[in-house]
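Sequence positions, counted from 1, serve as the residue numbers for this chain. We use all heavy atoms of the structure for the numbers below, so side chains are in, but hydrogens, waters and symmetry mates are not.
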Amino acid sequence: MEGEPGEGFHYVKSGKVKIVKVSQDGREHMINILGPGEVFAEVLLFNHGPYPATAVTLADSVIGIIKNTDLENVVAGNARIALHIIRVMSKKLLQAQMKIKHWRCRIPFRALHKSLSGCHSNMGGLLPAVLRLILR
């Protein structure tokens, strides 16, 4: 659960897991849906802190945990595992950056669409053809 003390990261052995954050007004915002072989709560790797989101199973699932202390002991003696973890984390970081870029590009369009829709309604539907095209 979001906010609970994090012990490590988790992986989906089987089933499906939905990762969500709950806003202050109680709305649930889905971050991702994960399947077998995927990991979550990896932001806690080598860090201590609370879980940043809540994981909810969507079907019968088997979830594993690798505790930070155990992972640190393994990585300290195996550079290949450390390199693999760095690659996985780098890929996750890139995916997060792409999502942020996508959201950032869509927000101004939504605001423009809402404003133009309001103008269209206020003018009794009489907008130039170009603006009507944008609204669609």
task = Please identify each residue that fulfils ring pair (Phe, Tyr, Trp, His ring centres under 6.0 Å) with Phe40, with sequence neighbours left out.
result =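 Here the qualifying residues are His10.
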inquiry  = Any non-hydrogen side-chain atom of Ile63 less than 4.5 Å from a side-chain atom of Val12?
reply    =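 Yes; the side chains approach each other to less than 4.5 Å.
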Minimum heavy-atom distance between [X] and [Y], given as atom pair plus value:
X	Y	answer
Pro5	Tyr51	O-CE1, 3.4 Å
Ser61	Gly15	OG-CA, 3.4 Å
Leu44	Pro50	CD2-O, 3.7 Å
Val75	Ala82	CG1-CB, 3.5 Å
Ala53	Ile31	CB-CD1, 4.0 Å
Ile65	Gly8	CD1-N, 4.4 Å

ask   = If you group Ile, Leu, Val, Met, Phe, Trp and Tyr by side-chain heavy-atom gaps below 4.5 Å, do Ile81 and Met89 land in one group?
value = yes
key: Same cluster (ILVMFWY, side-chain, under 4.5 Å), Val88 and Leu93   =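 Per the 4.5 Å side-chain linkage, Val88 and Leu93 are not co-clustered.
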Working to the nearest 0.5 Å, report the span between [atom1] of [X] and [atom2] of [Y].
X	Y	atom1	atom2	value
Leu34	Thr57	CG	OG1	12.0 Å
Ile66	Phe9	CD1	CZ	4.0 Å
Leu45	Leu71	CG	CG	6.0 Å

key: Of all pairs that satisfy side-chain hydrogen bond (donor to acceptor under 3.5 Å, both in side chains), the ones with a partner from residues 26-42, not counting sequence neighbours   =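 Matches after skipping sequence neighbours: Lys18-Glu28, Asp25-Arg27.
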task = Sequence neighbours left out, what pairs pass salt bridge (Lys or Arg N to Asp or Glu O under 4.0 Å) with at least one residue falling in residues 1-15?
result = Glu2-Lys21, Glu7-Lys67
ask   = Any donor and acceptor pair, going by atom type alone, linking the side chain of Asn68 with main-chain N or O of His48 inside 3.5 Å?
value =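 Judged by distance alone, no pair lies under 3.5 Å.
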request  = Answer yes or no: does atom NZ of Lys92 have more than 12 heavy-atom neighbours from other residues, nucleotides or ligands under 6.0 Å?
outcome  =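 More than 12 heavy atoms, drawn from other residues, nucleotides or ligands, come within 6.0 Å of this atom.
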